[in-house]
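Values below: all heavy atoms of this structure, side chains included; hydrogens, waters and symmetry mates excluded.
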Amino acid sequence: MKNIKGLFALVSVCLWAFSSCDSGGDGTGGSGKLRLSLAADTVSVNKGVSNATKSVGANEFDRFLTTDDYRISIRQASDTVCSFDRFDQMPLEIELPEGFYTLVASKGDNLPAAFENPYFEGSADFTVKSGMNTSLDVVCSLGNARVSVEYTSVFQEAYEDYAVLLSTSFASDEFEVSKEESRPAYLQVDKEGTDMTVRIRVRKKGEEQSKTYSVPDAIKLERRQNVHLIFKTDGGAFNGIGLDVVLDDELTNKDIPIDIPDFMWEEFTQPELYPVHFKSGDVKEVPVVDGTSGDGMTVGFKMFAGVGSLCIKYWRDDLYEEEAEIIDLATDEGVTEAIAQKFSWQSGDRQDLNLKNIKNGQIFLWDALNNLEAPKREEGVLFYLYHFSIYGHNANEKPKYTDTVTFDVKVFAPGVN
């Protein structure tokens, strides 16, 4: 009895299959047979979704390796000729009228955007000719794009709340990835690729209002692509929020070049001064008597919030420190005095500018050191000793101060070698 029931079920499936696949064709009346071989590719070669360098959740795609439950649809132009809810319900051979067809195999839901929603798809065009058998091999792979979002530690310190908003032509509303969200989002992508626009909403700690900023250029998504968005306020983000975009294995950088309040800059990182061609605490001699040279002595600075103050302080050893000359390169008066004393400085391709709100650059010292007053021969003094300190702070509302770079200079009397 069981064998009879099984045979009846098999016959029923085959009859249903043939009845659902007997329309279409080119009207000639001839038919041929189709045999389908189906496989799945979860590695996504050259797209980076599952290669060893990418952080893809364990077993995220394993269930797609089993092809038994893939949906099968055979189409002719815009019409569906026949379909099967599961590949394992599809007969080994299907008879079809002569004609040109497209077969689509898929698994999962191809939604505009959703978390943890991989969608696998494979398709192939084929032709059926009268009295001939057609074998078709179809490989299914990820049919949408996988997008993950990350934030640097400095970014997380700067903001109380933040969220990323993604949108494409497939979605009527923006898809929100909140700050707590660690799951990957999967976005629908057409065969030619789909543009994704990105916005970020941020709220500073202690603030009540959030502000939303847009990444200027859309990101081109492709099927099978792994997209990693890394938001930052540190590094090269000099003109706004920084964004690293990792498309598969290729890293590109984007900035959001907008006028943002000072809290967007590296509020939690101390601004830096760094001596070049000398060390803080060194003693330099002018003119050179020991074979070493001070030529090239500079002090570089990095203040991603911009310079609030950058001072050069110096005094002669026979005077009190309270009588020291203090030149602030972030003031117009300081700029004028520094140029008169033969100091020079540069930021990018600009020289000797007011450094207020400038984010990086270098100060050149040697010409100014050679301009210091030397003792006269008749004084009987071998050298004058000068003490130098260079220090500053950034332009934040609650500024952070640099370490102080110090050095001493011995300026020898004429004729002393």
Spacing of CG belonging to Leu96 relative to CD belonging to Glu98, to within rounding of 0.5 Å: 11.5 Å
Out of Thr404, Leu365, Ile327, Thr402, which residue meets the side chain to side chain contact (heavy atoms under 4.5 Å, CB included) rule with Ile390? Leu365
Do Glu321 and His387 have side-chain heavy atoms sitting under 4.5 Å apart? no
Let me know which of Val409, Leu372, Asp408 forms a side chain to side chain contact (heavy atoms under 4.5 Å, CB included) with Tyr314. Leu372
For the side chain of Arg146 and the backbone of His228, is there at least one donor-acceptor N/O pair under 3.5 Å apart? no
Look at the side chain of Asp79 and the backbone N and O of Val81, then say whether any donor-acceptor pair between them is shorter than 3.5 Å. no
Are the side chain of Thr331 and the backbone of Gly334 linked by a donor-acceptor contact shorter than 3.5 Å? yes
Atom CG in Asn394, atom CG in Leu310: separation rounded to 0.5 Å? 11.5 Å
Sub-3.5 Å donor-acceptor pair from the side chain of Arg203 to the main-chain atoms of Glu160, do we have one? no
Donor-acceptor contact below 3.5 Å, side chain Lys302 vs main chain Tyr274: no
For a quick check under 3.5 Å, do Asp332 and Asn354 share a side-chain donor-acceptor pair by atom type? yes
Taking all non-hydrogen atoms of both residues into account, name the closest pair between Leu353 and Val335 and its distance. O-CG2, 4.0 Å
Taking atom CD of Glu180 as the centre, report whether more than 12 heavy atoms of other residues, nucleotides or ligands fall under 6.0 Å from it. yes
So which of Phe388, Tyr386, Trp366 actually passes ring pair (Phe, Tyr, Trp, His ring centres under 6.0 Å) with Phe407? Phe388
Considering all heavy atoms, the nearest Ala124-Leu136 contact: CB-CD1, 3.9 Å
With heavy-atom distances below 4.5 Å as the criterion, would you say the side chains of Asp403 and Leu273 are in contact? no
Any chance CG of Leu92 has more than 12 other-residue heavy atoms, nucleotides or ligands included, within less than 6.0 Å? no
Can you tell me how far the CG atom of Leu329 sits from the CH2 atom of Trp345, to the nearest 0.5 Å? 5.0 Å
Using a 4.5 Å cut-off on heavy atoms from C-beta on, say whether the side chain of Lys191 contacts that of Ser123. yes
In sequence, state the C-alpha distance, the side-chain angles, and the governing distance for Val104 and Arg75, and then conclude on side chain to side chain contact (heavy atoms under 4.5 Å, CB included). CA-CA 8 Å; Val104 178; Arg75 303 169 185 172; 3.8 Å; yes
So, do Thr127 and Thr134 sit near enough that their side-chain heavy atoms are less than 4.5 Å apart? no
Is it true that atom NZ of Lys220 has more than 12 heavy atoms of other residues, nucleotides or ligands lying nearer than 6.0 Å? yes
Got a second to check how far Asn110's CG is from Gln188's CD, nearest 0.5 Å? 4.0 Å
Shortest non-hydrogen pair, Gly308 vs Ala330, comes out as O-CB, 3.7 Å
Mind running side chain to side chain contact (heavy atoms under 4.5 Å, CB included) on Ile72 and Leu38 for me, showing each step along the way? CA-CA 10 Å; Ile72 307 298; Leu38 188 64; 4.1 Å; yes
Euclidean distance, Ile219 CD1 relative to Thr168 OG1, rounded to 0.5 Å: 12.5 Å
Evaluate side chain to side chain contact (heavy atoms under 4.5 Å, CB included) for Leu36 paired with Phe126, printing each intermediate quantity in order. CA-CA 11 Å; Leu36 173 64; Phe126 65 98; over 6 Å; no
Would you say the side chain of Ser214 lies within less than 4.5 Å of the side chain of Thr197, judging by non-hydrogen atoms? no
Taking the six-membered ring for Trp, are Phe155 and Tyr162 ring centroids under 6.0 Å apart? yes
Heavy-atom distance under 4.5 Å between the side chains of Asn144 and Leu187, does that happen here? no
Could you tell me which non-hydrogen atom of Gly108 sits nearest to which non-hydrogen atom of Arg71, and how far apart they are? O-NH2, 2.6 Å
Lys/Arg-Asp/Glu bridge criterion (N-O < 4.0 Å) met for Asp68, Arg86: no
Is a side-chain N or O of Ser280 found less than 3.5 angstrom from the main chain of Thr406, in a donor-acceptor match? yes
Would one find more than 12 heavy atoms of other residues, nucleotides or ligands at under 6.0 Å from atom CD of Glu323? yes
Can you check whether Ile312 reaches Val299 side chain to side chain, under 4.5 Å on heavy atoms? no
Nearest heavy-atom contact between Trp315 and Ser389 is CZ3-OG, 4.4 Å
How many angstroms lie between atom CD of Gln346 and atom CG of Asn360, to the nearest 0.5 angstrom? 11.0 Å
Using the benzene-type ring in the case of Trp, are the ring centres of Phe61 and Phe120 under 6.0 Å apart? yes
Heavy atoms of Cys140 and Gly122 approach each other most closely as SG-N, 3.5 Å
Are the side chains of Arg201 and Leu165 in contact, using a 4.5 Å heavy-atom criterion? yes
Do side-chain atoms of Glu181 reach the backbone of Arg183 as a donor and acceptor pair under 3.5 angstrom? yes
Check whether Lys179 reaches the backbone of Gln156 with its side chain - one donor and one acceptor, N or O, closer than 3.5 Å. no
Is a donor on one side and an acceptor on the other found under 3.5 Å between the side chain of Asp109 and the backbone of Leu111? no
Does the side chain to side chain contact (heavy atoms under 4.5 Å, CB included) test come out yes or no for Phe383 and Asp317, once each step is laid out? CA-CA 11 Å; Phe383 61 85; Asp317 192 54; over 6 Å; no
